[in-house]
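Just so we're on the same page: letters track the sequence lines, and every chain starts at 1.
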There are 2 protein chains.
Amino acid sequence: MVYRRTHQVVKRLAARRSAILAAARDAASDGGMAAVQIAPVAVRANVAAGTVYRYFPSKADLISELIAEVSRDELAAIRRAADAAPGPSSALAAAVTTVAVHVVSHRKLAWGILAEPVDVDVNATRLASRREIAGEIEARIVAAVRAGHLPAQDTALAATALLGALHESLVGPLAPDNLDDPAKLRDVVQTATLLALRAVGVMDARARGLVVQAALPAKMLAGA
Amino acid sequence: MVYRRTHQVVKRLAARRSAILAAARDAASDGGMAAVQIAPVAVRANVAAGTVYRYFPSKADLISELIAEVSRDELAAIRRAADAAPGPSSALAAAVTTVAVHVVSHRKLAWGILAEPVDVDVNATRLASRREIAGEIEARIVAAVRAGHLPAQDTALAATALLGALHESLVGPLAPDNLDDPAKLRDVVQTATLLALRAVGVMDARARGLVVQAALPAKMLAGA
DNA sequence: TTCTAGTCTGAATAGTTGTTCAGTTCTTCA
DNA sequence: TGAAGAACTGAACAACTATTCAGACTAGAA
């Protein structure tokens, strides 16, 4: 044997794979999933189109991995925020605020990950990712119900509806568009979070308090 | 002049146009917007592919008209239900229930109309239709706020979030799937409606009452 | 019946984009 | 340095579909 993968090569290959994924993510951030086409992604990653196929068997695999990666990040952020909260209601509010901040910060990407259909079959991956995030929200709702802060309810449906309300009001086509202004952005995030919390049965007055508390990280992220 | 359009011909042309639109609607109901392709639609309508282009300048126009037509029907149904209600809160509940019943009854079609991107540019039409429906819901929210039944709020965002919650929980990928059972279907519609009403600030207890009242037409439609 | 203009047909065309692969370049190691 | 294997390139290919258009067909008027 006259050729073996050295550590250096392994690192380069890994870096290239990451570069391709990052290029896909950039493309999706700019123009949604429709912009994740092999040729443009290859250009962004500084490789030839054929090279993409040395790292991903097909476009579907590339997009699946992109969705999984973004969702993994999202889930981790939600858990981090919720776990840092003092009680179940605050945890739910923190989780919801985190989702809200994330989706408004990367609207095109969020739209692509969440809803925008693609010509290839990535539904399984997308569904799994979505289920994980909904599951995390549902767990927080369950905790709040157990603590007696929320009425008993169909928590799965509630989690789904809650996410739907956030997504639609923040990244959907009817979402407000002048979100460059940080103050306006914070308002919109707070309002959407308030709506989401009320949907699952948080009392209006209490919800307002939770939102104000939870919005702190939102402000921080928005400023970053 | 040796040829003029007789009444008979005019009627035949109109009928054919309707047939093409109906075929498109059927295709969308079966397989979403992706299934609305010229050749299959032409087959369904019993015409040749080329004939479609004698009635619609392009696929985008066909789909735009399909969206407009479906939305028109939807809007009319919402208005009818809301106007028949005794007060602003009931009207809102009736409007929301109507939307819920419609989307669960035609999930693929609703998904196609609402969210599924198509390769052609129909965003303007889709946006306009969506705005109309959101506007109608918003008007009902405004009325309920004026009557003192709901807290003051950003009604535009509230209407959008409300629709998002409904759509996501009823036609989204995480929506429950065993909706063939009418009882289950009614439950889901009621639960989603309850969530939507609570989101805009209807008190839990009151919301439950409104939902039960408004669910009557839902049951009727589901049975039909 | 026959002429004419409108209507319909469906095979051919054209544009788009994922995928392949023969040839080239790079990396390792004797 | 050179041989061998791995990685990369990018033009060519393939599949899918919206759109066109020359010819066939139909309906109306004389």
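Counting to the nearest Å, the C1' atom of C:dT17 and the CE atom of A:M33 are 17 Å from each other. As a whole-Å value, the separation of A:H7 NE2 from C:dT27 P is 16 Å. In this structure, the CG atom of A:N46 is 13 Å from the C1' atom of D:dT9, given to the nearest Å. Summarising the geometry, the separation between OH on B:Y53 and C1' on C:dG10 is reported as 13 Å, rounded to the nearest angstrom. A:I63 has its CD1 atom 13 Å from the P atom of C:dT17, to the nearest Å. Between the NZ atom of A:K11 and the C1' atom of C:dT28 there is a distance of 17 Å, rounded to whole Å. Residue B:R54 contributes atom CZ, which lies 10 Å from atom P of C:dT9 at whole-angstrom precision.
Nearest to the side chain of A:S58, among D:dA18, C:dT19, D:dA27, sits C:dT19. Listed candidates were C:dG10, C:dT19, D:dT9. Nearest to the side chain of B:A48 is C:dG10. Of the candidates C:dT17, C:dT28, D:dT19, the closest approach to any side-chain atom of A:V9 belongs to C:dT28. Distance from the side chain of A:R12 is smallest for C:dT27 among the nucleotides C:dT27, D:dT9, D:dT20. In the set C:dT9, C:dG18, D:dC8, C:dG18 carries the atom at the smallest distance from any side-chain atom of A:I38. Of all nucleotides listed (D:dC8, D:dA27, C:dT27), D:dC8 comes nearest to the side chain of A:L13. With D:dA18, C:dG18, D:dA27 as the candidates, the nucleotide lying closest to the side chain of B:Q37 is D:dA18. Nearest nucleotide to the side chain of B:T51, out of D:dA18, C:dT9, D:dC8: C:dT9.
Near DNA chain C, meaning a heavy atom under 4.0 Å from it, residues 18-31 of chain A has no residue at all.
Look at A:Y55 and you'll find a side-chain N or O under 4.0 angstrom from OP1 or OP2 of D:dC8. Dashed line: the shortest gap from a side-chain N or O of B:R17 to OP1 or OP2 of C:dT7 is not under 4.0 Å. For A:R16 and C:dC26, the shortest distance from a side-chain N or O to OP1 or OP2 is not below 4.0 Å.
Under 4.0 Å is where a charged nitrogen must lie from a carboxylate oxygen, and between A:E132 and A:R72 no such pair does. Taking 4.0 Å as the cut-off between side-chain N and carboxylate O, B:R17 and B:E65 count as a salt-bridged pair.
For B:R80, there are no salt bridge (charged side-chain N to carboxylate O under 4.0 Å, His left out) partners at least two apart in sequence or on another chain. In this view, A:E74 satisfies the salt bridge (charged side-chain N to carboxylate O under 4.0 Å, His left out) rule with no residue, not counting sequence neighbours. Scored by the salt bridge (charged side-chain N to carboxylate O under 4.0 Å, His left out) test, A:R54 finds no partners at all (sequence neighbours excluded).
Screening residues 26-39 of chain A for side-chain hydrogen bond (donor to acceptor under 3.5 Å, both in side chains) gives A:D30-A:R44 as the qualifying pairs, with residues at least two apart or on separate chains. Pairs engaging residues 161-185 of chain A under the side-chain hydrogen bond (donor to acceptor under 3.5 Å, both in side chains) rule: A:E168-B:R130 [sequence neighbours left out].
Side-chain contact between B:L13 and B:Y55: present, with at least one pair of heavy atoms (C-beta onward) separated by less than 4.5 Å.
Between A:A34 and A:A49, the one whose closest nucleotide on DNA chain C sits nearer the 5' end is A:A34. Residue order along DNA chain D, read from the 5' end via each residue's closest nucleotide, puts A:V47 first among A:V47 and B:P57.
Among the atoms of the strands shown, none is found under 4.0 Å from any heavy atom of A:F56.
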